[in-house]
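Side chains are part of it too, since the values below use all heavy atoms of this structure and drop only hydrogens, waters and symmetry mates. The structure displayed is predicted, hence computed values, not measured ones.
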Amino acid sequence: MAIPKQKLTLPFFTLLLVNMWSKQMVIMAMEIIPIGAVLDLNSTVGEMAESCISMAVSDFYAVNADFKTRLALFTRDSSSDVVAATSSVLDLMKNEQVHAIIGPQKSSQAKFVIELGGKAEVPIVSFAATSPTLSATQSKYFVRTAQDDSSQVKAIASIVQAYGWREIVPIYEDTEYGNGLVPFLLDAFQEIDTRVPYRSRIPLYFNDTQIMRELDKLKAMQKSIFLVHMSASLGSRLFLLAKDAGMMSEGYAWLVTAGLSTLLDPLGSEVMDSMRGVLGIKPHIPTSKKLESFKSRWSKNFTISKPQSKIKELNLFGLWAYDTVWAIAMAVEKAGIVRSRYVKQNTSESTVDIAALGKSETGPRLLSSILSTRFQGLSGDFHLAGGERVPSAFEILNLIGKAERVIGYWTPERGLSRNLYANGKIAYSTSKNKLKEPIWPGDTTQQPKRLRIGVPLKTGFNEFIKVEWNPEDDKPNVSGFTRDVFVSVVEALPFPLPYEFIPFVNKSKQSAGTYNELLDQIKLKNFDAAVGDITIIANRSTNVDFTLPFSESGIRMVVLTKRDERENMWIFLKPLRPELWLTTGIAFIFTGLVVWVLEHRENKVFRGKPAQQLGTTLWFSFSTLFFAHSNFSLNLIRLIFPFLDFLTTASSCYYRAKLMFSGEKVVNNWTRFVLIIWIFVVLIISQSYTASLASMLTVKRLQPTFVDVKEIRKNGYFVGHQKNSFVKDFLVKQLNFNDNMLREYSTPEEYHDALSNGIHNGGVAAIFAEIPYIKLFLAKYCSKFQMVGPTYKTDGFGFAFPLGSPLVPYISRAILNVTQDKDKMEEIERRNFGGETTCLDQAAMVPSGGLGLPSFGGLFIITGVASMSALLIYVTKFLYIHWPASNTVDQERSFYMRVLELAKHFDKEDPSAHHLNGAGTRVHPVPSAEIVGASPDSDDARSHSRTSSEGSGDIIGDQDHDNHTPRSSAANPEPPHTP
């Protein structure tokens with residue numbers, strides 16, 4: 001049966017009133033805690049934060065309906081002004097007696113507000129003031145629930161390092177927010193050796209014209225890698241103007257910080273299109289069902305409440321604001337906060353009386369509770385350390401139109417990675433291979449900041465560097481030794497280094513200048529580096545920085561070789577130099593004269609007609625050269641090896657023939673002394689002569705036509721050098737050659753022709769070049785030419801970079817690694833030079849030119865001193881005995897007559913010499929082998945026996961072995977001769 005509606009009206013309203021009364025009683029039983037919020041309500045962040053904060057309060061108490069505390073929000077608009085923000089905070093503290101304040105948004109506002117929070121002991125909890133200049137060390141009542149901007153610095157540095165950018169220009173706004181991050185960026189870039197050559201600071205009041213002027217300045221400086229750190233409003237203007245300036249095209253790279261990356265949605269399609277190819281970084285927000293549900297609800301509510309807003313998607317600041325409200329609500333409940341007034345009441349009627357500001361009774365407890373709160377919020381793990389949120393992972397974005405493409409992640413533990421949740425332990429990485437390939441400005445996958453490497457165009461010695469053009473696409477193809485070394489060096493670097501070779505040519509594809517002019521292009525910033533056979537010299541280092549050399553250094557000269565000396569009929573004169581031949585001849589004559597003086601009065605052999613005496617003297621002296629060697633050797637063998645006596649016996653026949661041929665005898669002991677020393681000198685000279693001549697006759701030697709630079713310069717001969725080389729200046733300034741005596745050549749073939757023509761047929765006497773070129777030339781023409789002369793020091797080939805380039809130390813260290821790898825260098829040389837180096841050592845053999853006087857100077861001094869000493873002693877003794885007595889007759893004679901009479905007396909035989917009619921000592925002692933080889937009854941044996949028994953004890957004896965005539969002077973002495 002149906003119940004009439006009239007009967008249900010009264011009970012229904014009764015139940016409704018009871019329910020409402022019960023809820024009101026519950027609310028009255030709860031503690032209402034006033035919380036302030038200072039936002040820039042007309043900003044993107046402010047609009048979003050306001051809606052998120054409101055939803056956060058509702059969501060929190062919908063989930064935690066049994067909590068005994070409730071937050072009451074009091075919102076103030078700071079109007080993006082520091083003074084207004086400070087005034088709003090004072091108003092909340094005095095009039096609302098708030099227990100905590102959420103905000104303010106901007107770092108410049110927070111800098112003043114946190115001072116008030118510390119004075120009133122009211123926690124200032126900011127979700128958007130990210131400048132690292134703000135910290136809990138300034139005021140312990142400052143709590144940051146956002147990530148500090150400095151937390152992204154290492155992630156930015158890893159990206160810069162991954163792409164091998166050794167130079168970057170920060171562009172930042174001139175505010176507390178912009179300036180605060182710069183010192184941290186500079187420190188991070190310094191750690192990875194990335195230079196910051198310029199910092200572009202843009203104030204907020206700059207108009208478009210002023211910003212464009214700054215961009216043009218950067219473009220004129222030829223900078224191409226930029227890091228942008230600014231707010232969304234200023235950043236959007238910057239990128240629109242950069243596109244107009246042509247700086248969003250191929251060759252440029254832009255990286256933006258988290259502050260701009262998280263606010264891309266409201267920028268509009270035009271701005272997003274201008275940022276195409278930009279890389280960005282922002283904190284990673286882990287996905288969850290709770291987050292997706294909130295995004296859906298927020299979008300629906302925000303669209304209804306603010307349909308005219310440009311904001312279409314929820315961003316990170318809104319999530320941080322939401323989690324901040326939850327953190328404060330949890331902390332208030334956990335700390336058991338009750339509503340209370342400040343300790344000191346403000347008796348002033350002014351709303352901004354700072355002097356009368358009191359202190360919150362619950363501030364310390366609430367602060368401690370907030371700092372210890374931890375939960376899983378919409379933005380991830382909410383965890384504070386040191387009054388700031390603990391950083392999480394970062395996403396690396398690539399902006400492509402309106403889309404954001406995540407190309408990788410960065411974490412403090414793993415560095416760069418494609419997958420944030422990879423299993424297992426992964427080493428820290430800064431390799432770009434860990435990231436997906438981005439699209440760069442200009443819609444290209446070619447990495448920006450490719451080093452523009454200038455290479456010279458050569459017409460010869462292309463083994464070092466060669467430039468050819470591909471007929472299909474007309475692009476240059478660079479090859480050669482220096483190119484291969486550079487490629488190997490780049491591969492050895494600890495970071496990627498993109499580059500491209502650009503030939504230094506004019507519009508006609510001809511060489512655009514000399515090597516010095518090529519290096520000037522680096523100073524003019526037309527090239528970033530230069531690769532080729534570029535020699536490191538002092539005057540070039542004033543404009544560029546060179547790496548360590550990677551090739552052999554030095555300048556030498558190459559000359560034509562003479563024909564083989566073995567075909568020379570006068571080669572027997574070559575072992576000794578002219579000065580040594582002359583000195584030796586003089587020594588022979590001098591020794592002969594000394595022997596003649598010592599032997600003339602006593603030895604019949606040295607008497608007779610003057611012509612006969614001269615012939616005997618010279619023959620005696622020069623015969624020692626041929627007869628001393630064998631005598632000395634045989635006697636030495638006999639003395640050292642007695643058991644080899646049969647050898648000396650066998651050679652006695654040879655000795656007899658020699659002694660018959662050379663029958664000169666010496667009888668004076670001083671003569672024997674002189675001859676002992678002289679024969680020793682002759683032995684050494686003859687041995688050295690024999691060895692040198694044998695070497696000349698058996699070893700093929702390449703003798704150069706010229707070995708002395710002074711000779712070439714003195715005779716005015718032409719010399720050559722490589723075209724467009726610094727060697728020309730070296731020849732003029734260092735070796736003092738006249739400029740009109742120099743000739744330029746480009747190819748090894750031109751070298752060959754110029755040297756082969758000779759000095760009288762339009763050729764050159766020598767070509768001066770660096771050792772690598774000469775070695776390559778000699779590898780082709782090793783049989784006709786030779787590298788001679790001193791090595792003039794240079795530092796070899798090196799790569800050139802701008803002054804102060806951070807790449808130089810890295811390239812130099814890589815050069816050491818490559819050049820010390822013997823296998824790699826041999827492979828590079830074999831690929832470019834073909835391994836044709838077999839004749840280089842032979843070409844480097846320069847003959848000594850014969851033995852010189854300095855090598856035997858000591859021997860000549862010894863024999864000269866010995867001869868002069870014997871001569872002086874003998875003459876002194878003769879003068880002492882035979883100088884005319886000082887009687888009356890002698891005094892009447894003149895000195896000339898006395899000397900003449902003394903000379904006549906010297907020419908006469910010495911009557912006191914008892915052996916004048918006997919035999920004296922031969923020049924070469926008769927070996928005892930003669931005695932051993934004779935029979936006991938032979939005449940030789942009896943003669944020897946008689947000589948031994950009757951002689952005066954001489955080694956050989958005084959008997960004349962030729963005619964066996966007994967000495968008669970002993971039995972019938974002659975009367976003394978009276979002058």
Side-chain donor-acceptor contacts of residues 802-811 below 3.5 Å, not counting sequence neighbours, with atom names and distances?
from	atom 1	to	atom 2	distance (Å)
Ser805	OG	Leu807	N	3.2
Tyr810	OH	Asp193	OD2	2.5

Would you say the side-chain atoms of [X] and [Y] include a donor-acceptor pair closer than 3.5 Å?
{"X": "Glu388", "Y": "Ser135", "value": "no"}
{"X": "Asn516", "Y": "Thr514", "value": "no"}
{"X": "Thr133", "Y": "Ser131", "value": "yes"}

Determine whether more than 12 heavy atoms belonging to other residues, nucleotides or ligands lie under 6.0 Å from atom [atom1] of [X].
{"X": "Glu270", "atom1": "CD", "result": "no"}
{"X": "Lys434", "atom1": "NZ", "result": "no"}
{"X": "Gln190", "atom1": "CD", "result": "no"}
{"X": "Arg418", "atom1": "CZ", "result": "yes"}
{"X": "Lys111", "atom1": "NZ", "result": "no"}
{"X": "Tyr421", "atom1": "OH", "result": "yes"}

[Y]/[X] salt bridge by N-O under 4.0 Å criterion:
{"X": "Lys824", "Y": "Glu826", "result": "no"}
{"X": "Lys243", "Y": "Asp273", "result": "yes"}
{"X": "Lys282", "Y": "Glu404", "result": "yes"}
{"X": "Lys458", "Y": "Asp533", "result": "yes"}
{"X": "Lys509", "Y": "Asp474", "result": "yes"}
{"X": "Lys432", "Y": "Glu437", "result": "no"}

Counting C-beta onward and ignoring hydrogens, is there a side-chain heavy-atom pair between [X] and [Y] closer than 4.5 Å?
{"X": "Phe189", "Y": "Arg195", "value": "no"}
{"X": "Asn433", "Y": "Leu416", "value": "no"}
{"X": "Val228", "Y": "Tyr172", "value": "no"}
{"X": "Ile453", "Y": "Phe527", "value": "no"}
{"X": "Val467", "Y": "Asn477", "value": "no"}
{"X": "Val455", "Y": "Ile502", "value": "no"}
{"X": "Glu413", "Y": "Tyr428", "value": "no"}
{"X": "Ile171", "Y": "Trp254", "value": "yes"}

What closest approach, in Å, do [X] and [Y] show between heavy atoms, and which atom pair accounts for it?
{"X": "Met248", "Y": "Val278", "result": "CE-CG2, 3.7 Å"}
{"X": "Lys223", "Y": "Glu167", "result": "NZ-OE1, 3.2 Å"}
{"X": "Thr542", "Y": "Asn539", "result": "OG1-O, 2.8 Å"}
{"X": "Leu457", "Y": "Ser511", "result": "CD2-N, 3.6 Å"}
{"X": "Ala800", "Y": "Leu519", "result": "CB-CD2, 3.5 Å"}
{"X": "Tyr198", "Y": "Pro170", "result": "O-CD, 3.4 Å"}

Q. Can Tyr163 and Leu279 be said to form a side-chain contact (heavy atoms from CB on, under 4.5 Å), step by step?
A. CA-CA 12 Å; Tyr163 290 107; Leu279 295 184; 4.0 Å; yes
Q: Mind telling me whether Phe461 and Tyr773 have parallel, tilted or perpendicular rings, with 30° and 60° as the class edges?
A: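 Judged by the thresholds at 30° and 60°, the geometry between Tyr773 and Phe461 is perpendicular.
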Q) Who pairs with Tyr792 by ring pair (Phe, Tyr, Trp, His ring centres under 6.0 Å), at least two apart in sequence or on another chain? A)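 Tyr792: ring pair (Phe, Tyr, Trp, His ring centres under 6.0 Å) contacts with Phe730.
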Could you check whether any side-chain N or O of [X] sits under 3.5 Å from a backbone N or O of [Y], counting only pairs where one atom can act as donor and the other as acceptor?
{"X": "Arg813", "Y": "Leu493", "result": "no"}
{"X": "Gln210", "Y": "Asn207", "result": "yes"}
{"X": "Ser151", "Y": "Gln147", "result": "no"}
{"X": "Arg540", "Y": "Thr535", "result": "yes"}
{"X": "Asn506", "Y": "Gln510", "result": "yes"}
{"X": "Arg414", "Y": "Tyr409", "result": "no"}
{"X": "Asp528", "Y": "Arg452", "result": "yes"}

Review item, side-chain donor-acceptor pairs of residues 546-553, under 3.5 Å, at least two apart:
from	atom 1	to	atom 2	distance (Å)
Thr547	OG1	Phe799	N	3.1
Ser551	OG	Phe797	N	2.9
Glu552	OE1	Lys775	NZ	2.7
Ser553	OG	Lys793	NZ	3.2
Ser553	OG	Thr794	O	3.0

Q: Would you sort out whether Val169 and Val196 count as a side-chain contact (heavy atoms from CB on, under 4.5 Å), showing the intermediate values?
A: CA-CA 6 Å; Val169 175; Val196 180; over 6 Å; no
(Q) Assess the residue pair Leu181 and Thr257 against the criterion (side-chain contact (heavy atoms from CB on, under 4.5 Å)); give the C-alpha distance rounded to whole Å, side-chain angles, the decisive distance to 0.1 Å, and a yes or no. (A) CA-CA 10 Å; Leu181 185 62; Thr257 59; 4.2 Å; yes
Nearest-0.5 Å distance, [atom1] of residue [X] to [atom2] of residue [Y]:
{"X": "Ser200", "Y": "Glu214", "atom1": "OG", "atom2": "CD", "answer": "3.5 Å"}
{"X": "Ile281", "Y": "Glu395", "atom1": "CD1", "atom2": "CD", "answer": "10.0 Å"}
{"X": "Thr791", "Y": "Ile555", "atom1": "OG1", "atom2": "CD1", "answer": "10.0 Å"}
{"X": "Gln447", "Y": "Trp165", "atom1": "CD", "atom2": "CH2", "answer": "6.5 Å"}
{"X": "Leu731", "Y": "Phe726", "atom1": "CG", "atom2": "CZ", "answer": "9.5 Å"}
{"X": "Ile285", "Y": "Leu316", "atom1": "CD1", "atom2": "CG", "answer": "4.5 Å"}

Q: Provide the full list of side-chain hydrogen bond (donor to acceptor under 3.5 Å, both in side chains) pairs with a residue in residues 484-496, sequence neighbours left out, each pair given once.
A: Asp484-Arg831, Asp484-Asn832
Q: Apply the test side-chain contact (heavy atoms from CB on, under 4.5 Å) to residues Phe495 and Val160: give CA-CA distance (whole Å), side-chain angles for both, the deciding distance (0.1 Å), then the verdict.
A: CA-CA 10 Å; Phe495 52 83; Val160 172; over 6 Å; no
Q.
Under the rule for side-chain contact (heavy atoms from CB on, under 4.5 Å), what residues qualify as partners of Thr444, not counting sequence neighbours?
A.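 Thr444 satisfies side-chain contact (heavy atoms from CB on, under 4.5 Å) with Glu250, Trp440, Gln446 only.
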Q) Thr175: what forms a side-chain contact (heavy atoms from CB on, under 4.5 Å) with it, not counting sequence neighbours? A) Glu173, Tyr177, Leu204
Q.
Cation-pi check for Phe206 against Arg201: NZ or CZ below 6.0 Å from the six-membered ring centre and within 45 degrees of the axis, yes or no?
A. no
